[in-house]
There are 2 protein chains.
Amino acid sequence: MTRSRAQKSDLTDAEYRKLAAFRQALRGFVAFSAAEAAAIGLTPRQHQVLLAIRGWPDSMPPNIKSLAERMMIRHNSAVGLIQRLEAAGFIQRIESSGDRRFIQLSLTPKGEAALAALSASHLTELRQRGPRLVEMLQALISG
Amino acid sequence: MTRSRAQKSDLTDAEYRKLAAFRQALRGFVAFSAAEAAAIGLTPRQHQVLLAIRGWPDSMPPNIKSLAERMMIRHNSAVGLIQRLEAAGFIQRIESSGDRRFIQLSLTPKGEAALAALSASHLTELRQRGPRLVEMLQALISG
DNA sequence: TGAAATATATCGTCTTACGACATATTAAAT
DNA sequence: ATTTAATATGTCGTAAGACGATATATTTCA
């Protein structure tokens, strides 16, 4: 839909279309990911939690607070996620032997298997979608 | 955290870390976007709806069904989004003059202004984050 | 020993998403 | 023309997930 520009700082129609197209491409990946997760009984956020725990960059497993920081959510939001994942048998909570305030998070065998399947399909899909995502981003930021 | 490989098809620790790092980078952009939207009273999805309407690729404005398809959600989910956006004054619904089942969606001046501000800051941010996102994606899919 | 700091948990509320179902309008079939 | 299909939108109940505010347990520090 064509629109005139109201101010100098406004974006052009073409820029809005490119921004919208990039978001659309991102949604495409997110939707793929959500469908894959749903197929094995996980929500998108639950999948992300499993990946964050398994791909944790440090040598020590994460606790709730550090996981919340990496997920960029509040600690109390993380508590809910962890509770549902534990109830469904995908992760374990182990009280730290030292400071008993800390809870060490790790995947159960069920969680490992679920994440392995999801990660393989995501890797394949990203190899497919990657080039197009990069294209749309380049078109947007170099315009 | 180091883990042994259970099956041939399992990913390596390094691959999990790269996948997690890419997700982390995506979350970074999404979190930036959510914070910007929140600063002007919009939820992330509401912002995306404004952008999808404004950056609509066709000459005719979208209706609920076509918007839902582009947003990759069910039509009834779109109805709720549209209702809240209209109640908050960001968009208008105009009954189509031809087939009266269709509702034409468009931004109000308030919606235009909100989206213009968000789009400008997103464009700037994407120019910043773009290269890093592309790097992480390349590292992941070429590994 | 008492106070501050830290980690986790709980509660109430909102947005979003869904499936199932309902209603209105138009198109197609007879 | 009237019934039947299809289409577009709306409603209802339920669940996940996010938040702020508040609570509890544990550790550290003064």
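Reminder, nothing fancy here: chain letters follow the sequence lines and each chain counts from 1. This structure is a prediction, so every number in the text was calculated from the model and none was measured.
- We find that CZ of F102(A) is positioned 16 Å from C1' of dT24(D), with the value rounded to whole Å.
- Although no hydrogens or angles enter the test, the distance criterion places a donor-acceptor pair under 3.5 Å between the side chain of R127(A) and the main chain of I141(B).
- Side-chain contact annotation: D99(B) with S96(B), donor-acceptor N/O pair under 3.5 Å absent.
- Put simply, CD1 on I64(A) is 17 Å from P on dA25(D), counting in whole angstrom units.
- At a threshold of 4.0 angstrom between heavy atoms, the contacts of N63(A) are confined to the sugar-phosphate backbone, with no base atom among them.
- Taking the O4'-C1'-N9-C4 or O4'-C1'-N1-C2 dihedral as appropriate, dA7(C) has a value more than 90° from 0 and is therefore anti.
- Both G98(A) and Q46(A) lie near DNA chain D, and the one whose nearest nucleotide falls closer to the 5' end is Q46(A).
- Using modelled atom types, one side-chain atom of T108(B) and one backbone atom of G89(B) make a donor-acceptor pair closer than 3.5 Å.
- Taking atom CD of residue Q83(A) and atom P of nucleotide dG17(D), one finds them 12 Å apart after rounding to whole Å.
- If you measure from atom CG of N76(A) to atom C1' of dT13(C), you get 13 Å, rounded to the nearest angstrom.
- Contact annotation: S77(B) side-chain N/O to dC18(C) OP1/OP2 distance is under 4.0 Å.
- With rounding to whole Å, R45(A) atom CZ is found 15 Å from dT16(C) atom P.
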(request) Carefully, step by step, assess R23(A) and S33(B) under the rule side chain to side chain donor-acceptor pair (under 3.5 Å). (result) CA-CA 11 Å; R23(A) 276 281 179 169; S33(B) 183; 2.4 Å; yes
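- Per the geometry, CE belonging to M71(A) stands 11 Å off P belonging to dC19(D), to the nearest Å.
- Side-chain to base pairing of R101(A) with dT8(C): no donor and acceptor N or O lie closer than 3.5 Å to each other.
- Between T43(A) and V79(B), it is V79(B) whose nearest contact on DNA chain D lies nearer the 5' terminus.
- Checking dA6(D) for Watson-Crick or G-U wobble geometry (two distances, each under 3.5 Å) identifies dT25(C) as its partner.
- Between the CG atom of L85(B) and the P atom of dT15(C) there is a distance of 11 Å, rounded to whole Å.
- Contact check, R100(B) against dT25(C): a side-chain N or O comes under 4.0 Å of OP1 or OP2.
- A straight line from CZ of R74(B) to C1' of dT11(D) spans 17 Å, rounded to a whole angstrom.
- Within the 4.5 Å cutoff, no side-chain heavy atoms of F102(A) are placed close to those of I64(A).
- The pairing partner recorded for dC29(D) is dG2(C), the criterion being a Watson-Crick or G-U wobble arrangement whose two distances lie under 3.5 angstrom.
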